[in-house]
Amino acid sequence: MKSAVETLNPTRVRLTVEVPFEELKPSLDAAYKKINQQVTVKGFRQGKIPARVIDQRFGRGAVLEEAVNDALPKFYTEAVNEGELNVLGQPEVDITELKDGELLAFTAEVDIRPALEIPDYSGIEVEVDAVEVSDEDVDKSVEQLRERFATTSPVERAAQDGDVLTLNLEAKVDGEVLEDGVAEGVSYTVGSGELLDGIDEAVTGVEAGNSATFTSELKGGSAEGKEAEVTVEVTEVKSRELPELDDDFAQLASEFDTLEELRADSRKRLEQMKKYDQATQAQEKVLDELLKLVEVPMPEKLLADEIETRKHNLVNHQLGQMGLDLAKYLEIQGKSEEEFDAETKEQAEKGIKTQFILDELVNKEKLNVSQEELTEHLMRRAQSSGMSPDQFAQAVVEGGQVPMLVGEVARGKALAVVVEAATVKDSNGEVIELDDEDETAETVEATEADETEAGAEEKPEA
């Protein structure tokens, strides 16, 4: 077999391959054997039909086609390895010559990883928000905890803001009660802004046993988006009482004995959260600066496939689960289809660039992934997916996704190297030290491309 590589552009090559016919013999024998098992010819036992009879009955062309389709992946892989190519995705194969008994020639165009030059990134400098927790922040945190320990008790008075009501609802459109427009025993907190626009105004001042009617646009169901006449009956009014903010509350709601200790713990937790947010912000900004430093040629077919994958996942998985189509989603987002397409392309390009650059850094910095690091990453991914670690690990192995997870961890380590080399200052001008690789790995997962890179083992179609 002879092969040659022609560079079409920085991200695409054309392979020209010539195969002497004798090298097709194993695939030719396999083709006759396969056809033998699939057809019957009178006078011959199945599987024992001579090759000349198969040629006469079914045509030599059918045998050659089967043999070539079987042999192409092997010869393509040999040509890729011979050319030392790092290919992406499926090749576009064109058989240019097939002479029975003499020669098979074909070309294969395929995307390749572009060669990247990673410049010195130690000069990257970014600014992040300072970690500042105010007394108001602590007050809000404690108040949220206080809300969780609120109690309710029935009252014989009209409903007012903050009360918890039990309601029966009935919605009519054009005078007809909707099949899915009736609900009973609904619990609702006045002033929460949930359920329907206008309901707070309608129920305020209404006592148990009385009703009110208002008009509102339905947010879901069979008549979503339509104006409906809604009758709401108040069957019970409960007042909502918050516990006093004192040491007794601290003992009730936490492991602390005093309210002062509880507030101190709340402040500490808020500081930790803001430090995590600060680290994530730093990583994202450093990554953005790194992307600006490196020129990345974009493989057009890979980009098109990535855009299509992102659209498919959004429409068929995320929106499908919410009962929305793309048109309704864009209406809710207030975006045109052109704006959506432009944003999707921008996100896809950033994802692909991120993966290319960080993979190049993995090689440049000679970063390896230990079994412990892979296990920790798998545990995090399992937790976020809602699966047990064992279930997630089994799914990863069965799906052949272990290399993908290894790549995610390695890219996280690569970004950690860049962040460590960068200068990160907060909004007060203070230099921030960041060294949490776990957080870095999580940031990479959120920004890297979702594309599945295809290796040379994939079978091209003629």
Side-chain angles (χ1 to χ4, degrees), residues 136-245 249 253 314-340 343:
E136 290 75 15
D137 293 331
V138 176
D139 290 343
K140 184 177 179 181
S141 175
V142 173
E143 188 62 26
Q144 288 173 344
L145 181 62
R146 186 185 180 204
E147 292 275 347
R148 289 167 48 191
F149 285 86
T151 58
T152 60
S153 56
V155 291
E156 295 184 2
R157 59 165 172 75
Q160 59 189 35
D161 192 48
D163 285 346
V164 179
L165 311 182
T166 303
L167 308 175
N168 295 332
L169 298 164
E170 180 184 85
K172 294 180 181 179
V173 173
D174 298 329
E176 296 291 329
V177 178
L178 299 172
E179 288 186 12
D180 55 354
V182 177
E184 295 183 351
V186 177
S187 180
Y188 179 71
T189 301
V190 181
S192 65
E194 299 172 356
L195 287 182
L196 295 167
D197 293 337
I199 192 170
D200 289 327
E201 293 81 1
V203 297
T204 299
V206 178
E207 297 183 8
N210 294 329
S211 302
T213 300
F214 63 102
T215 301
S216 182
E217 181 179 310
L218 297 178
K219 297 181 179 180
S222 61
E224 180 182 1
K226 293 184 178 180
E227 287 288 325
E229 182 184 86
V230 182
T231 299
V232 54
E233 179 189 4
V234 178
T235 62
E236 186 177 38
V237 179
K238 290 182 179 179
S239 66
R240 195 161 172 272
E241 299 175 2
L242 296 173
E244 291 292 329
L245 280 177
F249 168 70
L314 174 66
V315 173
N316 294 282
H317 298 295
Q318 300 174 42
L319 298 184
Q321 292 177 354
M322 295 187 290
L324 298 175
D325 58 16
L326 183 58
K328 187 64 179 177
Y329 169 75
L330 293 179
E331 181 185 334
I332 294 172
Q333 293 291 314
K335 296 177 184 175
S336 67
E337 191 167 346
E338 290 75 18
E339 290 172 328
F340 169 76
E343 287 182 7

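Numbering starts at 1 and runs along the sequence shown.
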Which heavy-atom pair separates [X] from [Y] by the least distance, and what is that distance?
{"X": "Glu339", "Y": "Gly334", "result": "OE1-O, 4.2 Å"}
{"X": "Ala159", "Y": "Leu165", "result": "CB-CD2, 3.7 Å"}
{"X": "Gly185", "Y": "Thr166", "result": "CA-CG2, 3.9 Å"}
{"X": "Gln160", "Y": "Val190", "result": "O-CB, 3.6 Å"}
{"X": "Phe149", "Y": "Leu145", "result": "CD1-O, 3.3 Å"}
{"X": "Ala150", "Y": "Leu242", "result": "CB-CD2, 3.6 Å"}

Quick test of your reading of the model: are Glu143 and Lys140 salt-bridged, counting only N-O distances below 4.0 Å?
no

Neighbour count above 12 (heavy atom, 6.0 Å) for Glu156 CD
no

Take atom CG of Asp174 as the centre, draw a 6.0 Å sphere, and report whether it contains more than 12 heavy atoms from other residues, nucleotides or ligands.
no

Distance check, rounded to the nearest 0.5 Å: Asn210 atom CG versus Thr235 atom OG1?
11.5 Å

Could you please spell out the steps behind the side-chain contact (heavy atoms from CB on, under 4.5 Å) verdict for Leu314 and Phe340?
CA-CA 12 Å; Leu314 174 66; Phe340 169 76; 3.5 Å; yes

Pairs satisfying salt bridge (charged side-chain N to carboxylate O under 4.0 Å, His left out), at least one member in residues 198-224, at least two apart:
Asp197-Lys219

How about [X] and [Y]: do any of their side-chain heavy atoms sit closer than 4.5 Å?
{"X": "Leu324", "Y": "Ile332", "answer": "yes"}
{"X": "Leu167", "Y": "Val234", "answer": "yes"}
{"X": "Glu244", "Y": "Phe249", "answer": "no"}
{"X": "Val232", "Y": "Val206", "answer": "no"}

Begin from the C-alpha positions of Val182 and Asn168 and carry the test side-chain contact (heavy atoms from CB on, under 4.5 Å) through to its verdict.
CA-CA 8 Å; Val182 177; Asn168 295 332; over 6 Å; no

